[in-house]
Amino acid sequence: MRYRSGGHRGMQQDMKQKKFDSIDTALDRLKDGDTVLVGGFGLSGIPEKLINGVCERGLRDLTVVNNSSGAGRFGVARLLEKGCVAKVIVSFPWGRESDVFKELYKAGKVDLEIVPQGILAERMRAAGAGLGGILSPSGVGTQIAEGKPIHMVGNQEYIVETALPGDVALIKAHKVDPRGNLIYRLASQNMNPVMAMAAKHTIVEVDAEVALGDLAPAEIITPGVFVDRYVVTGRYKPEAWEGAWHE
Amino acid sequence: MRYRSGGHRGMQQDMKQKKFDSIDTALDRLKDGDTVLVGGFGLSGIPEKLINGVCERGLRDLTVVNNSSGAGRFGVARLLEKGCVAKVIVSFPWGRESDVFKELYKAGKVDLEIVPQGILAERMRAAGAGLGGILSPSGVGTQIAEGKPIHMVGNQEYIVETALPGDVALIKAHKVDPRGNLIYRLASQNMNPVMAMAAKHTIVEVDAEVALGDLAPAEIITPGVFVDRYVVTGRYKPEAWEGAWHE
Amino acid sequence: MSERRGLSREQIAKRVAAELEDGWLVNLGLGIPTLAVNYIPEGRDILFHSENGIIGMGPRPADEDVDTDLMSAGKGPITLIEGAALVHHADSFVVARGGRLDAAILGAYQVADSGDFANWRLPDRHVGGIGGAMDIAVGAQRVFITMSQTDKDGTPKLVEDLTYPLTTKACVTKVFTEMAVIAVTDQGFVLEEVAPGFTPDDIVARTAASLIVPDDVGTIAA
Amino acid sequence: MSERRGLSREQIAKRVAAELEDGWLVNLGLGIPTLAVNYIPEGRDILFHSENGIIGMGPRPADEDVDTDLMSAGKGPITLIEGAALVHHADSFVVARGGRLDAAILGAYQVADSGDFANWRLPDRHVGGIGGAMDIAVGAQRVFITMSQTDKDGTPKLVEDLTYPLTTKACVTKVFTEMAVIAVTDQGFVLEEVAPGFTPDDIVARTAASLIVPDDVGTIAA
């Protein structure tokens, strides 16, 4: 399905070039010390090629935001193992397979901030929305509240959770059009759309590219205004997945 | 496109009945004094049939949340004219055609709270998200900030804007499935999806009903968990629209 | 008394599943809660939520149909029911924190008679994992806890005050163990049912807080 | 001096449109700002945002193609360009407040040399209408103001301190009037261009604040 063009002048000739052929070049704005929002949950929606690219570029002192601190030697765990990471901000650092993180953490080589999963997403959305933060009910009275301001609304106690912006987001999507508009495959959205909003500079790896007008305006999950660069990787089997694989 | 059923037991037989044939019956949980979130922006996405139903039920002392205080004698302006409204919470009360509101306001018969448009949406979303509020940069140093707490994040000043929940939302959508999942036509979403999240009880008028499985899971804008009741009205020409009309 | 085995994990899952009412939206934690999906009473339409953005999670597919982009929050393969909706993480927690879950079923280390519970961190470990538990517990209309009545060394897990780090205050509705169903009320713990082979006194002996024992304590249909 | 007419509304719109750079996302307020869409320089790909959830707004359609579900925030009929995206109001303001607008073009009652501006409420009226202005102005990378140089009675609208109620602090980048283009800088107002037939002194005389006049003040290409 293609949508009628309003005939907006010069659009197709002069659109901002967002497509990059090389993972390495696409990552060339990452700097040591950046806060990097990394999409993915479980095996789904992890930008593995971008993560490997960061490892190869040998970046250092990154603060990595993800749901977990990685499993096995893949995803965020690989970033940790390669020594790229100074701090993780996650909801679930201590998984069964997060051995790489556990070792580094015990050795005092990586810092940790734990945030409830929904508040992690909401703090990033707040950054994307230009808000200073949110009043959170999650974790009131717990160790999560320690050191954070409390704000009462009526009789209800809330934790002031500040916005969590990223210098860069590394995310994964299913389809992209030349404007950078994105849709996601099945339940692979997870944190990806929120991270695209929250970062100053968003880099996407994507299964496939489609022509302008091929995505219905209302089905677009991440508008291209939140996307700076994309690399088409094709769909591939997640490195950590040992089961059967169907294209 | 239909999606494979996981064979979840009993679903089709026993799904919660959300469909109502009568506008009047669908509205029977509205009470005098309720806070009512009313969707629509300009001519688009206004639940006109539900609004007329509220007028006919003769409700009183409602607090109405909408982008504007209505134009001409339609939409929110009709609710005002019929004497249903004690207070409006809007971003734009003083439009060229908001005569009904202006008269009532000058006569001291209706209260007014003005909220910046984006913060109005965000305060409702916060209510939907179970947050106590947000830290807003919009309106810092203006009359909008008067009487509201200020919270600093670093050197930046923010207004603490509290969540704005509704007792009831009256919204309009394009298609609904029996679980209450909604999609919207073109740019008619506006505040509707946010209001569906923010109200304890959400009532939808909708152009058409489709079968379960006809909406792709990722294209659904408002999941049915935010919808309590719906009435299929068919698509109709907005009462205030004087131009040509095409189905 | 120590010879009696109490309910199996499956039996606890079946018992808590019986609480789920027609039309409810439910989130299931890891372990026994996840098993509950297999025991929904016939004729009840229960919708399952997974915090990674799934509303309308269906059962595990056949092995050849597993898709890595359809996994539960517990990382197990799932399907989508007809009428499922997919959203991103922030909106998924609008559902959870915003009060749309009729019930959440979670595991716990300890439950206090105030309804406080602990499930994210052992006192002697440096860190724990919260995941979605704090958002889900604070938002759900009802929090059902499945856990063992005591630790392995016999220490009761139903207590007056938590010694484990708090997850969420005053939110637990009922606790389901291998020995009993215990409600958390304004008055504190109330024994509702005992497992076959157990008496109310057995439960009182394994509860480190006052336990109200009404006259009409039932037996769990196992 | 009062005989000179200055730029027309269309000429002001054309001048401000020339500021818009290739690849920018822009929001247009009512009035002259909306006219700017008709004067985008050839070859520049400008994307237009409308606060009711439209990213990629196209020009007005033929009368027979008008659709009430495709209207701008100013309630005028629009089209969608190829690659447009539609979102709800909260996410639309994520775009605006979150800093994704390269520029916003708005009208104003007054602009102060601090970059403060006023556009939502007259001092003598009970209420005004904010709409999206506060969110847009606080978030946009650049705020361009189109307005007349003075009120109808000749009172300058470029001032040291606002007497009208503030919309947003320290956000205005440039002001475009029928007589001049004036930048707002750390040093205050700086005259950049004058309309044909006007001199820098004409603008100084109609500005109620210090106005820096560089040697190289240009003439607006009208």
Side-chain angles (χ1 to χ4, degrees), chain B residues 39 41-45 67-69 71 90-95 98 101-102 105-106 112 114-126 128 136-144 157 174 184-195 197 221-222 237-238 240-241 243-246, chain D residues 30 50-55 57 62-80 84-99 116 118 120-122 125-139 162 165-170:
Chain B
F41 185 94
L43 291 164
S44 186
N67 181 62
S68 80
S69 51
V90 299
S91 85
F92 209 82
W94 211 252
S98 53
F101 169 77
K102 289 176 186 175
Y105 183 77
K106 285 175 184 165
L112 168 66
I114 305 185
V115 183
Q117 194 175 126
I119 298 304
L120 188 62
E122 210 59 51
R123 286 180 62 193
M124 288 191 282
R125 188 183 173 283
S136 164
S138 306
V140 167
T142 74
Q143 293 177 357
I144 291 305
E157 193 175 333
H174 186 42
Y184 299 84
R185 188 170 175 276
L186 298 170
S188 71
Q189 291 184 49
N190 53 65
M191 301 270 190
N192 285 299
V194 180
M195 290 175 165
M197 287 180 175
I221 300 291
T222 297
K237 175 175 166 174
W241 177 239
W245 175 250
H246 313 273
Chain D
L30 298 189
S50 181
E51 44 267 55
N52 51 326
I54 304 168
I55 303 162
M57 190 168 59
D63 282 354
E64 63 271 23
D65 293 331
V66 167
D67 190 309
T68 54
D69 288 332
L70 280 181
M71 298 279 184
S72 69
K75 322 297 193 281
I78 57 143
T79 48
L80 298 178
L86 297 169
V87 299
H88 60 57
H89 241 93
D91 281 356
S92 181
F93 278 93
V94 169
V95 172
R97 203 187 315 99
D116 296 1
W120 73 281
R121 182 171 175 172
L122 299 173
R125 236 196 232 165
H126 283 296
V127 292
I130 298 169
M134 288 184 181
D135 300 286
I136 289 166
V138 84
L162 302 180
L166 176 69
T167 297
T168 301
K169 283 188 190 171

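Letters A, B, ... are given to chains in the order of the sequence lines, protein chains preceding strands, and every chain is numbered from 1.
The main-chain N or O of Gly76(D) is found under 3.5 Å from a side-chain atom of Ser72(D) such that the two form a donor-acceptor pair. Using modelled atom types, one side-chain atom of Asn52(D) and one backbone atom of Met71(D) make a donor-acceptor pair closer than 3.5 Å. For the pair Asp135(D) (side chain) and Arg97(D) (backbone), a donor-acceptor distance under 3.5 Å is absent. No side-chain donor-acceptor contact under 3.5 Å links Asn67(B) to the backbone of Ser91(B).
Interface check for chain B: of the options Ala96(D), Gly74(D), Gly131(D), the most heavy-atom pairs under 4.5 Å are formed by Gly131(D). When Ile78(D), Val87(D), Asp116(D) are compared by the number of non-hydrogen pairs under 4.5 Å with chain B, Val87(D) comes out ahead. Residue with the most contacts toward chain B among Ser92(D), Ala73(D), Ala84(D): Ala73(D) (heavy-atom pairs, distance under 4.5 Å). The choice from Pro93(B), Ala121(B), Gly118(B), Gly139(B) that makes the most heavy-atom pairs within less than 4.5 Å of chain D is Gly118(B). With respect to chain B, the highest number of heavy-atom pairs below 4.5 Å among Val94(D), Asp67(D), Thr168(D), Thr167(D) belongs to Asp67(D). Annotation: maximal heavy-atom pairing with chain D below 4.5 Å, among Gly95(B), Gly243(B), Pro137(B), occurs at Pro137(B). Counting heavy-atom pairs closer than 4.5 Å to chain B, the top residue among Val66(D), Leu166(D), Thr68(D) is Thr68(D). Chain D forms the most heavy-atom pairs under 4.5 Å with one residue out of Lys102(B), Arg125(B), Glu122(B), and that residue is Glu122(B).
Shown here are the side chain to side chain contact (heavy atoms under 4.5 Å, CB included) partners of Ile221(B), two or more places apart in sequence or in another chain: Tyr184(B), Gln189(B), Pro193(B). For Asp69(D), the salt bridge (Lys or Arg N to Asp or Glu O under 4.0 Å) test picks out Arg185(B), with sequence neighbours left out.
In this structure, chain D has a heavy atom under 4.5 Å from the side chain of Pro238(B), while its backbone stays farther away. Only the side chain of Ile54(D) has a heavy atom closer than 4.5 Å to any heavy atom of chain B. With a 4.5 angstrom heavy-atom cutoff, Ser50(D) does not touch chain B via any of its atoms. Within the 4.5 angstrom heavy-atom criterion, no atom of Leu120(B) approaches chain D.
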Assess the residue pair Asn192(B) and His88(D) against the criterion (side chain to side chain contact (heavy atoms under 4.5 Å, CB included)); give the C-alpha distance rounded to whole Å, side-chain angles, the decisive distance to 0.1 Å, and a yes or no. CA-CA 8 Å; Asn192(B) 285 299; His88(D) 60 57; over 6 Å; no
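The two residues Val140(B) and Glu157(B) come nearest to each other via the heavy atoms CG2-O, 3.4 Å.
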